[in-house]
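First the structure, in the form of structure tokens, and then the observations on it.
The chains referred to below are lettered A, B, ... by the order of the sequence lines, with proteins before strands, and numbering in each begins at 1. Computed from a predicted structure; not experimentally measured.
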Amino acid sequence: MRPMTITEKILAKHAGQKTVTPGDLVNVKVDIALGNDITAPIAIREFKRIGATKVFNKNRVVLVPDHFTPNKDINSAEQCKILRDFAHEHKLKHYYDGGECGVEHALLPEKGIVVPGDVVIGADSHTCTYGGLGAFSTGSGSTDLAAAMITGEIWFKVPESIKFVFKGKLGKWVSGKDLILQIIGDIGVDGALYKAMEFTGSAVRSLSMDSRMSMCNMAIEAGAKSGIIAPDAKTRKYAEERAERKPVYYESDKAAEYCQIIEYDASKLQPKVAFPHLPSNTRDLSDVGKVALDQVVIGSCTNGRIEDMAVAAKILKGKKASKKLRLIIIPATPGIYNESLRLGYFDTFTKAGAIISPPTCGPCLGGHMGILAAGERALATTNRNFVGRMGHKESEVYLSNPAVAAASAVKGRIAGPDSL
Amino acid sequence: MKIKGSVWKYGADIDTDKIISAKYLTTSDPAELAKYCMEVEDKDFAANVKEGDIIVADKNFGCGSSREHAPIAIKAAGVSCVIAKSFARIFYRNSFNMGLPILECDEAVDSTSAGDILEVNLDTGKIKNLTNNKEFQALPVPPFMQTLINDGGLMASIKKRGLV
Ligand code: SF4
């Protein structure tokens with residue numbers, strides 16, 4: 001049998017085939033179909049327009065109105081109402097609203113809704129996050145979501161895979177976020193267009209589950225269809241604690257084919273900062289120069305998990321954020337919020353002068369909870385720094401890991417934790 | 001089907017936030033979205049674009065978010081077709097699914113300027129620049145996608161296959 005990558009194996013299994021080859025068009029069964037308050041209203045409109053009356057499985061269609069939660073205005077409230085009414089009408093098991101709502105890509109793994117080996121489609125580009133669990137997951141539009149909600153299937157072209165091998169040991173303050181920023185800086189925002197990115201090597205193995213998800217989260221920022229890390233003991237432990245279905249653990253065959261293999265010596269890498277206005281516009285922390293900040297945001301589906309809160313708390317402990325800027329911290333889910341509270345992080349954050357936001361996408365997409373004025377500059381642990389992404393089109397967004405963000409909040413300019 | 005229109009020309013990596021900013025995503029009404037189409041990139045576009053006009057852009061058009069609001073806004077603004085060197089994959093799928101014609105053609109992009117008049121044959125992928133009299137051939141649309149278009153989009157094709 002043809003040796004296959006982890007991605008090909010998952011797709012073959014879900015297509016009911018023994019093997020698949022890159023370029024094949026396959027119809028695959030989806031385990032989870034996800035929508036949010038921006039994309040699901042259009043999907044629901046399409047669903048109704050063609051006269052559909054039933055979702056393919058009420059436990060597998062997941063709706064999370066996270067982008068503008070808590071509803072920031074009348075229009076966004078109306079959008080959420082469309083989701084809420086649909087969720088109740090179809091008795092969806094996984095609908096998260098109000099105090100249960102969190103950023104979708106942090107919420108689904110945490111609750112065990114997505115499990116290793118799954119095929120997940122989400123009408124949200126960062127659906128690729130679940131590759132961190134060893135699932136095949138990819139973003140789609142609303143019409144694809146509508147079709148999947150009805151049929152439980154979606155068509156894909158089987159992608160070629162690029163393998164990224166990180167050998168050696170990670171340096172201090174270097175996280176999954178930095179590895180992916182390094183890659184995007186090297187290959188560009190379309191460097192992996194249509195492809196699957198597979199991350200391996202001892203440095204990747206050493207990453208926590210949170211950091212793996214943050215790495216796969218940004219595969220889309222290189223144009224990729226998906227990002228994936230093969231499951232190991234850490235993945236198994238994570239899944240055992242929460243998976244609501246039986247996980248399947250896949251790994252790539254030794255002789256699997258890759259269209260490209262790129263190797264890194266992890267010990268040589270530094271924390272990275274992406275400059276405006278593309279995630280590929282990266283520099284090593286030591287080459288950043290003097291960049292004064294008006295706002296620092298720690299949160300999002302990239303870096304709003306408990307490990308990110310912990311690192312921020314560690315750095316901010318006993319310190320104060322610069323008076324020149326606003327520090328906004330957004331635990332990505334109610335679970336992370338509660339855990340941060342329990343561990344005393346909120347005490348540290350509030351004493352440092354931070355604003356603690358309820359779980360929401362908020363400023364990440366320029367929605368609410370911290371919008372920038374013309375000429376303002378923010379450093380964020382989010383994933384996109386496009387023109388106008390966090391507010392006025394003459395504002396700027398820089399991207400980094402949470403350790404750099406927390407240290408920068410104290411300094412008032414972009415700086416590493418070792419400079420404190 | 002043949003279309004003819006005047007060109008709006010843009011560079012590489014036009015992201016979905018440039019096509020339709022997140023602050024307008026609290027609605028999915030096509031007419032409303034059209035008013036703000038391309039606002040971040042080109043503030044004159046929405047007010048001046050005419051029915052049938054064509055967007056021509058460099059590589060990786062539509063990168064970023066999965067928001068279908070982006071192709072919806074472009075279509076509702078009256079744009080008949082987008083030609084680029086390449087498209088981000090979610091934007092590519094979305095456009096086919098909701099019926100916005102898109103074509104990939106390096107040469108057409110390099111040899112076309114803003115305001116040129118293009119004639120595009122959507123069935124054959126032939127692009128004619130009537131301003132400078134050059135002709136180009138776009139990459140063929142994969143047969144599977146062509147079937148989707150012929151069926152009238154993804155939802156229509158699902159209905160046709162009796163899956164509803
Ligand atoms: S946190 Fe940001 S990137 Fe993640 S889903 Fe929300 S808006 Fe998108």
Side-chain angles (χ1 to χ4, degrees), chain A residues 25 37-39 41-43 45-47 49-53 67-68 72-79 122-127 138-147 150-151 153 155 157 188-190 193-194 220-221 223-225 277-278 280 365-367 371 384 386-389 391 393, chain B residues 12-19 21-30 32 39-41 43 58-72 85-99 142-145 147-148 153-161 163-164:
Chain A
L25 280 169
D37 46 335
I38 289 178
T39 58
I42 300 179
R45 186 168 74 198
E46 290 299 304
F47 182 96
R49 193 173 60 82
I50 66 160
T53 51
H67 280 58
F68 298 124
K72 72 160 180 142
D73 56 17
I74 296 169
N75 277 345
S76 57
E78 299 286 350
Q79 299 276 97
D124 188 277
S125 59
H126 294 102
T127 302
T138 190
S140 73
S142 300
T143 306
D144 271 322
L145 172 62
I150 298 167
T151 64
E153 289 180 1
W155 67 268
K157 189 153 129 195
V189 288
D190 60 351
L193 196 57
Y194 301 118
I220 178 69
E221 263 37 87
K225 181 175 248 167
H277 290 285
L278 282 177
S280 56
L365 80 161
I371 302 303
R384 284 194 179 132
F386 299 155
V387 177
R389 176 76 180 177
K393 68 176 184 180
Chain B
D13 304 321
I14 298 293
D15 60 69
T16 47
D17 283 75
K18 282 182 177 165
I19 299 170
S21 175
K23 60 175 180 275
Y24 304 121
L25 299 183
T26 53
T27 177
S28 56
D29 175 28
E32 187 64 19
E39 187 183 75
V40 172
E41 179 66 17
K43 61 178 183 358
D58 209 287
K59 70 176 180 78
N60 204 27
F61 187 85
C63 62
S65 128
S66 67
R67 61 190 71 157
E68 211 156 303
H69 308 65
I72 290 175
K85 290 190 176 172
S86 61
F87 292 90
R89 62 162 285 276
I90 304 177
F91 184 90
Y92 188 83
R93 271 185 93 108
N94 285 348
S95 300
F96 276 95
N97 286 343
M98 50 80 56
F144 176 77
M145 309 286 280
T147 318
L148 263 191
L154 180 63
M155 297 315 278
S157 120
I158 284 181
K159 201 159 183 178
K160 198 171 148 192
R161 286 188 283 145
L163 296 175
V164 177

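A:F47 pairs by the ring pair (Phe, Tyr, Trp, His ring centres under 6.0 Å) definition with A:F86, A:H90, not counting sequence neighbours. Applying the ring pair (Phe, Tyr, Trp, His ring centres under 6.0 Å) criterion to A:Y194, with sequence neighbours excluded, gives no partner residue.
Contact annotation for B:Y92: only side-chain heavy atoms (C-beta onward) come within less than 4.5 Å of a heavy atom of chain A. Interface remark: A:T151 contributes side-chain atoms only to the contact with chain B (heavy atom separation under 4.5 Å). Looking at B:S86, only its side chain comes within 4.5 Å of chain A, counting heavy atoms on both sides. Contacts between B:S28 and chain A at a heavy-atom distance below 4.5 Å involve backbone atoms as well as side-chain atoms. If you measure heavy-atom distances from B:L25 to chain A, the contacts under 4.5 Å come from both the backbone and the side chain. For chain B, the nearby parts of A:I38 are the backbone and the side chain; heavy atoms of each come within less than 4.5 Å. Interface residue B:N94: only side-chain heavy atoms are found under 4.5 Å from chain A. For a residue to count as touching a neighbouring chain, one of its non-hydrogen atoms must lie under 4.5 Å from one of that chain's; by this rule B:L163 touches chain A with backbone and side chain alike.
Of the residues considered (A:F68, A:W155, A:F386), A:W155 shows the highest number of contacts with chain B, using heavy-atom pairs under 4.5 Å. Counting heavy-atom pairs closer than 4.5 Å to chain B, the top residue among A:P41, A:G141, A:G122, A:A52 is A:G141.
Here the CD1 atom belonging to A:I220 is positioned 9.0 Å from the OG1 atom belonging to A:T127, to the nearest 0.5 angstrom.
For B:E68 and A:T143, the side-chain atoms include at least one donor-acceptor pair closer than 3.5 Å.
With hydrogens and angles disregarded, no donor-acceptor distance shorter than 3.5 Å links the side chain of A:D37 to the backbone of A:Q79.
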